[in-house]
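All of these numbers come straight from a predicted model, not from anything done at the bench.
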Amino acid sequence: MDKIDNLDKKILSILSKNARIAFKDVAAECNVSRAAVHQRVQHLIEGDVIIGSGFDVNPKSLGYSTCTYVGITLERGSMYKNVVERLQHIPEVVECHFTTGPYTMLVKLYARDNEQLMELLNGKLQDIPGVVATETLISLEQSIRREIPVNVEG
């Protein structure tokens, strides 16, 4: 994507705080037309600057009370793509990262309770070919959740 200018940054800053805000309100805050905001947003989407939109569903409202991070060690790092393919079929896995450090991968998942967590670990994750070890970290509380700030010059 071409360089992002200050108007793009201002639009991103507004939308990152409230993605449901009407374009007419964004336009008023930026002193431009609604069509200009719409065009800029489309350009930011096409350039992969804006990479998603939608509603975040609270997992607890669906009965998923346990948020867990699982460090996974693979037999070989080259097995990563095959393991990711298998993880795609486990709906409770909501994030997966190829990492440096003590783990080959870091996975975030939600479980309804400790019994389901054990089933996910022992019956699914550890059964994936190439997975040689897992380490589980249960999140007791999420204290911060936000987007990276968009700094607007001037």
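- Hydrophobic clustering (ILVMFWY, side-chain heavy atoms < 4.5 Å, transitive): Ile128 and Tyr103 are in distinct clusters.
- Annotation: side-chain contact (heavy atoms from CB on, under 4.5 Å) contacts of Lys24 (sequence neighbours excluded): Ala22, Arg34.
- Rounded to the nearest 0.5 Å, atoms CD (Gln42) and CD1 (Ile50) are 8.5 Å apart.
- In terms of heavy-atom proximity, Val84 sits nearest to Cys96 at CG2-SG, 4.0 Å.
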- Task: Please test Cys30 against Ile14 for side-chain contact (heavy atoms from CB on, under 4.5 Å), starting from the C-alpha separation and ending with a verdict.
- Result: CA-CA 9 Å; Cys30 294; Ile14 294 166; 3.7 Å; yes
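- Using a 4.5 Å heavy-atom cutoff, the side chains of Tyr110 and Thr66 are not in contact.
- Residue Leu44 holds its CG atom at 8.5 Å from CG of Leu15, rounded to the nearest 0.5 Å.
- Side chains of Met118 and Leu121 form no contact here, defined as non-hydrogen atoms less than 4.5 Å apart.
- Considering NZ of Lys108 and NE2 of His97, their distance stands at 8.5 Å, rounded to 0.5 Å.
- Here the side chains of Glu95 and Tyr69 are not in contact, with every heavy-atom distance at 4.5 Å or above.
- Annotation for Pro102 and Thr73: closest pair O-OG1, 3.9 Å, computed over non-hydrogen atoms.
- Both Met105 and Ile138 belong to a single network of hydrophobic side chains, linked directly or stepwise wherever heavy atoms of I, L, V, M, F, W or Y lie under 4.5 Å apart.
- With sequence neighbours left out, the side chain to side chain donor-acceptor pair (under 3.5 Å) criterion links Gln88 to no other residue.
- In this structure, Val132 and Leu74 approach most closely via the heavy-atom pair CG2-C, 3.9 Å.
- Here the side chains of Leu87 and Leu125 are in contact, with some heavy-atom distance below 4.5 Å.
- By the side-chain contact (heavy atoms from CB on, under 4.5 Å) test, Leu62 pairs with Val57, Tyr64, sequence neighbours left out.
- Residues Ile90 and Lys124 come closest through the heavy atom pair CD1-CB, 3.9 Å.
- The closest side-chain heavy-atom distance from Leu117 to Leu109 is below 4.5 Å.
- Distance check: Leu7 CG to Asn31 CG gives 10.0 Å after rounding to the nearest 0.5 Å.
- Side-chain polar atoms of Ser13 and Lys9 form no donor-acceptor pair below 3.5 angstrom.
- The side-chain heavy atoms of Pro129 and Asn82, taken from C-beta on, include no pair separated by under 4.5 Å.
- Taking all atoms of both residues into account, the shortest heavy-atom contact from Asp8 to Asp5 is N-OD1, 2.8 Å.
- Hydrophobic clustering (ILVMFWY, side-chain heavy atoms < 4.5 Å, transitive): Leu106 and Met79 are in distinct clusters.
- Nearest heavy-atom pair across Arg86 and Asp127 is NH2-O, 4.3 Å.
- Side chain of Ser16 to backbone of Glu147: no donor-acceptor contact under 3.5 angstrom is found.
- Residues Pro59 and Val94 form no side-chain contact, since every pair of their non-hydrogen atoms from C-beta on lies 4.5 Å or further apart.
- Here the side chains of Gln39 and His43 are not in contact, with every heavy-atom distance at 4.5 Å or above.
- With Lys10 contributing its side chain and Glu29 its backbone, the two residues share a donor-acceptor pair below 3.5 Å.
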- Query: What's the verdict on side-chain contact (heavy atoms from CB on, under 4.5 Å) for Ile72 and Thr104, showing C-alpha distance, side-chain angles and the deciding distance?
  - Reply: CA-CA 6 Å; Ile72 299 175; Thr104 313; 5.9 Å; no
